[in-house]
Amino acid sequence: PLIFRMLWRRARHATRPESRELLESRGFTEPGAKRASRIYRENAKLAALDGLEIEPELPERGRPAAKNAANKVAAEKPELKERLKQRARRLNARRRAENSLTLPFGAGTAVIPKGLSEGEYGQLMQTLRACRELLVTQA
């Protein structure tokens with residue numbers, strides 16, 4: 001997964017608490033960060049990643065050439081700028097739809113990731129019950 005690639009690139013020499021802290025800063029819950037950190041370490045051990053004597057390839061800073069070219073064209077032809085924005089919105093919506101469930105509500109939408117475990121689903125339901133007073137408006 002992408003998160004494991006990020007851990008290998010940025011935190012492969014970090015302590016367990018440092019790895020969990022990094023994961024939590026990326027949006028993981030505390031139990032989720034502990035689990036992901038443990039699974040990453042198990043996979044790294046299995047793949048013998050510690051024995052690799054290479055440095056990870058980090059992406060170059062700045063925008064990729066394709067994005068730069070698209071922005072240059074958009075700057076020269078303003079009518080294309082809006083089409084590029086619309087296309088980006090459609091692509092992002094499609095990616096979200098593949099990886100999550102969007103629930104429409106009168107007050108907005110809730111996006112829930114697909115592939116929750118039974119435990120994570122239970123946590124979600126407990127959180128919703130605990131936050132009921134904050135979420136539900138009394139009519």
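The distance from the CG atom of Leu135 to the OG1 atom of Thr127 is 10.0 Å, given to the nearest 0.5 Å. Between atom OH of residue Tyr40 and atom CZ of residue Arg5 there is a gap of 12.5 Å, rounded to the nearest 0.5 Å. Summarising the geometry, atom NZ belonging to Lys45 is positioned 12.0 Å from atom CG belonging to Asn43; distances are rounded to the nearest 0.5 Å. Rounding to the nearest 0.5 Å places CZ of Arg129 at 9.5 Å from CG of Leu124.
With sequence neighbours excluded, the residues that form a side chain to side chain donor-acceptor pair (under 3.5 Å) with Glu18 are Thr15. Applying the ring-ring contact (aromatic ring centres under 6.0 Å, His included) rule to Tyr121 yields no partners; only residues at least two apart in sequence or on another chain are considered. Listed by chain and number, the residues in a side-chain contact (heavy atoms from CB on, under 4.5 Å) with Pro31 are Thr29, Gln123 (sequence neighbours excluded). For Glu133, there are no salt bridge (charged side-chain N to carboxylate O under 4.0 Å, His left out) partners at least two apart in sequence or on another chain. Here Arg16 pairs with nothing under the side chain to side chain donor-acceptor pair (under 3.5 Å) rule; sequence neighbours left out. Phe28 pairs by the ring-ring contact (aromatic ring centres under 6.0 Å, His included) definition with nothing, not counting sequence neighbours.
Glu30 places a side-chain heavy atom less than 4.5 Å from the side chain of Lys34.
In terms of heavy-atom proximity, Ser19 sits nearest to Ala14 at OG-CB, 4.0 Å. Leu23 approaches Ser37 most closely through the heavy-atom pair CD1-N, 3.8 Å.
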For salt bridge (Lys or Arg N to Asp or Glu O under 4.0 Å), just list the numbers for Glu24 and Arg20, CA-CA rounded to whole Å, side-chain angles, deciding distance to a tenth of an Å, and then say yes or no.
CA-CA 6 Å; Glu24 287 177 30; Arg20 288 193 299 260; 5.7 Å; no

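Residues Leu7 and Leu46 do not share a hydrophobic cluster, defined by chaining ILVMFWY side chains whose heavy atoms lie under 4.5 Å apart. Both Met125 and Ile112 belong to a single network of hydrophobic side chains, linked directly or stepwise wherever heavy atoms of I, L, V, M, F, W or Y lie under 4.5 Å apart.
For Arg41, the CZ atom counts as densely surrounded, since its 6.0 Å shell holds more than 12 non-hydrogen atoms of other residues, nucleotides or ligands.
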